[in-house]
Amino acid sequence: MASRTIKSLLVLCLSLVTMTFSGHVYANEKAVQTEQSNPAVAHEPAAHEAKAFNVTETILDHIKDDHSWHLWGHTSLSLPVILYTPKGFEFFSSAKFMNEHHEHIMYKGNFDYKIIEGKVKIVDATEAIDQAASKTLWDFSITKNVASLFVSVLILLVVLLTAAGAYKKTGITTAPKGVQSFMEPIVLFVRDEVAIPNIGKKKFAKYMPFLLTIFFLVLTNNFLGLIPFFPGGANVSGNIAFTMTLAVCVFVVVNLSANKSYWEHIFWMPGMHWSMKLFLAPIELIGVFTKPISLMIRLFANITAGHILVLSLICLIFIFKTVYASAIAVPFAVFIGMIELLVAFLQAYIFTMLSAMYIGMATEEHHHEAHDHEGHKNVAHH
Amino acid sequence: MFLLEVNPLVLPDIGLVFWNTIAFLVLLIVLGKFAWKPMLKAIAERESGIEEALLRADKMKAEIAAMQNENEALLAKAREERAGMIKDAKETADKMVSEAKDKAKQEYDRIISDAQLAITQQKNAALTEVKNQVGTLVVEVAEKILRKELSNKADQESYIKQIAEGVKLN
C-alpha cells in the first residue's frame, strides 16, 4: 500500500517536472527561431542557452549541498548561515547572499563572504576567492542537507517514540497496531537478521540501539532523498560527509568494543610463522581502516549513482530538446526510481549488516587455536 | 588530495559532519532510551511469554497424552481382567456342570445298582416264597394224595420206600 503511494507520487512528480521543463524547452526553441530570423540579437541568448543545457552542472547542482532549499519555481527557503572565523561566530540568513534577481552577491560581515560553487568563501574586493582567508573559515551553516537531516531526525523521533509509546499504553498482551505494527517487523528484522547472526546471541543486545539508529537514520534519509521536492530533495545519504560520520561512528564502536583476541589477530596472527605474522600485521592494520572507509564509499556511491541516473534520464529531454524524449526518459526514470526504492532499503540493510559484522568480528571469542576459516565457523558453534 | 579538490562530491563539509554527529548522538541517546529500550524489552517479553505459553501447551499436551495412555492402560487392564473373569467363570461353570454330571451319574449308577440289588432281593424273596408256597402246596397236595393213598398199608410202605430212595441227603 505504502509503496504504491510512493510509486504514484513518483510518477506524478516526474510527470510534473517533465511538463514544467518541457514548456521551457519549447519557449527556448521559439526564442532560437526568432533569433535566427533576427541575426543581430542572436549571439547573446544562444550563449545563454548553451549554459542552460550544461547537464553535468545541472545534475551536480541537484546532488550537491546548498545554502537554500529550493521549493518551487523561483521560490527557495532561506537557511541560516553559521560561520566561524578567527573573528568569532557569525549568524545570518542565506537570503543575504541573494539579490532580488536571484543572483549571488557578496555579503559583508566580519569578512566579505560570497557563495562560490555552492560554498561560502571569503572574497577580496574584486570578488575573487581569498584562498588563505577561506582556509580559516569554518562553515557550520544549516544547509539543505543539514535541514533535511533534521527533518529525518524529527520524523524518526515522532514515529519511533509513538511506536514505543504504544507498548507502554497497550502492554505486550495485544498484537501491535498502527505505527507499532509497521515498526516492529523492521526492528525484529534488524535484530534477527542483522544483529544476532553477526554478533551472536550473547552480546547483540548491547549494540541493538546503535544498529537500529544507524539503520533507521540511513533508511529515512535514503527515502527522503528519493522524494524530489520539499521536504525531500536533499541528497543526505548520498553525501560523503553523512556517510563518513556514520562510518566514523562505526569505526569508534568497533574499535572500542574490540577484545584482546581481535587485536592479537591483527598485530600478531596466532598459528602462523613469525615471518607471516610480520607480513600480515600491516595488511590487517590497513583492514581496520578500510572497513569503515568501504562503508562510507558504498553508501555514498550507491545513493549518488542512483540520483545521477534518474537526473540523467530526465536531462535526456533537455539534451534532445524535444518533449517526445520524455516518452522514453520518464518510464525509464520511474523504473530506476523503483530500483532506487529497493536500493534505499538494501543499502540501509547492508550498512547495518556490515557494521554488525565488524562488531561481531571485534567481539568474537576464540576458544582454541583454530585459526583457519573453518576454525572461525566452528568457534561460533561452541 | 588532488581528487578531493577537483571533485566537490567527495569533499566532506565540516558543517554537515558536525551537525550529523550531533543529530546521530541525539538520536542514539533519545531513541536508545525512549524507543529502542522499551520496544526491545516489550518484544522480548512478548516473545518469552509466547515461548512460555507454547511450552505450557506442550506440557499440557504431554500430560493429556500421558493421561490418555494411562486410561488406555487401565482400559486394557480392565479388559484383561474381564476376560480373565469370564474365563474363570466359564471354567467354574464347566467344572460345576461336569461335577454335577459326574455326581448325577454316580447317583444314577448308585440308584441303578440299588434297584438291581432290591430287584434281586425281591426276586430272591419272591422265589423263596414261591418255593415255600410250592413246598407247602406240594406238601398239602402230597398230604392229600398221601392221605388218599395211605389208606392202603402196603402202598404206604412201598411209597415211603420209594421216596426214601428218591431223597438224596445233601
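Values below: all heavy atoms of this structure, side chains included; hydrogens, waters and symmetry mates excluded. To find a chain, count down the sequence lines: A is the first, B the second, and so on, and within it residues start at 1.
- More than 12 heavy atoms of other shown residues, nucleotides or ligands fall within 6.0 angstrom of atom CD in B:E91.
- In B:R110, the CZ atom is crowded: over 12 heavy atoms of neighbouring residues, nucleotides or ligands sit closer than 6.0 Å.
- Between chain B and the residues A:E184, A:M244, A:K64, the most heavy-atom pairs under 4.5 angstrom are made by A:E184.
- Of all the heavy atoms in A:A164 and B:M39, the pair that sits closest is CA-CG, 4.1 Å.
- Closest approach of B:A35 to A:L160, counting heavy atoms only: CB-O, 4.0 Å.
- Of all non-hydrogen atoms in A:F242 and B:L16, the two that sit nearest each other are N-CD2, 4.2 Å.
- Between atom CZ of residue B:R46 and atom OH of residue A:Y167 there is a gap of 5.5 Å, rounded to the nearest 0.5 Å.
- Note that the CD1 atom of A:I240 and the CG atom of B:L11 stand 9.5 Å from one another [nearest 0.5 Å].
- To the nearest 0.5 angstrom, A:M208 atom CE is 14.5 Å from B:K37 atom NZ.
- With a threshold of 4.5 angstrom between heavy atoms, A:S152 does not approach chain B through any atom at all.
- Using a 4.5 Å cut-off between heavy atoms, B:F18 touches chain A through its side chain atoms alone.
- One distance of note links CG of B:D13 with CG of A:N239; it measures 6.0 Å at 0.5 Å rounding.
- Contacts of A:V146 with chain B are made by both backbone and side-chain atoms, with heavy-atom separations under 4.5 Å.
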- Task: For the pair B:F24 and A:T245, evaluate side chain to side chain contact (heavy atoms under 4.5 Å, CB included) and give the outcome as yes or no after the intermediate values.
- Result: CA-CA 9 Å; B:F24 182 71; A:T245 315; 5.7 Å; no
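- Nearest heavy-atom pair, A:L156 versus B:L31, reported as atom, atom and distance to 0.1 Å: O-CD2, 4.3 Å.
- For B:E47, the CD atom is densely surrounded, since the number of other residues' heavy atoms within 6.0 Å is greater than 12.
- Contacts between A:N235 and chain B at a heavy-atom distance below 4.5 Å are absent for every atom of the residue.
- The CD1 atom of A:I214 sits 11.0 Å away from atom CG of B:L27, with the distance rounded to the nearest 0.5 Å.
- Within the 6.0 Å centre-distance limit, the rings of A:F150 and B:W19 are counted as a close aromatic pair.
- Of the listed residues A:V248, A:T143, A:I142, the one with more heavy-atom pairs under 4.5 angstrom with chain B than any other is A:I142.
- A donor and an acceptor atom, one from each side chain of A:T213 and B:W36, are located under 3.5 Å apart.
- The number of heavy atoms from other shown groups lying within 6.0 Å of NE2 (A:H62) does not exceed 12.
- Here the CG atom belonging to B:L40 is positioned 6.0 Å from the CG atom belonging to A:L212, to the nearest 0.5 angstrom.
- With a 4.5 Å cut-off on side-chain heavy atoms, B:I43 and A:R191 count as touching.
- Among all heavy-atom pairs drawn from A:A241 and B:V17, the shortest one is CB-CG2, 3.7 Å.
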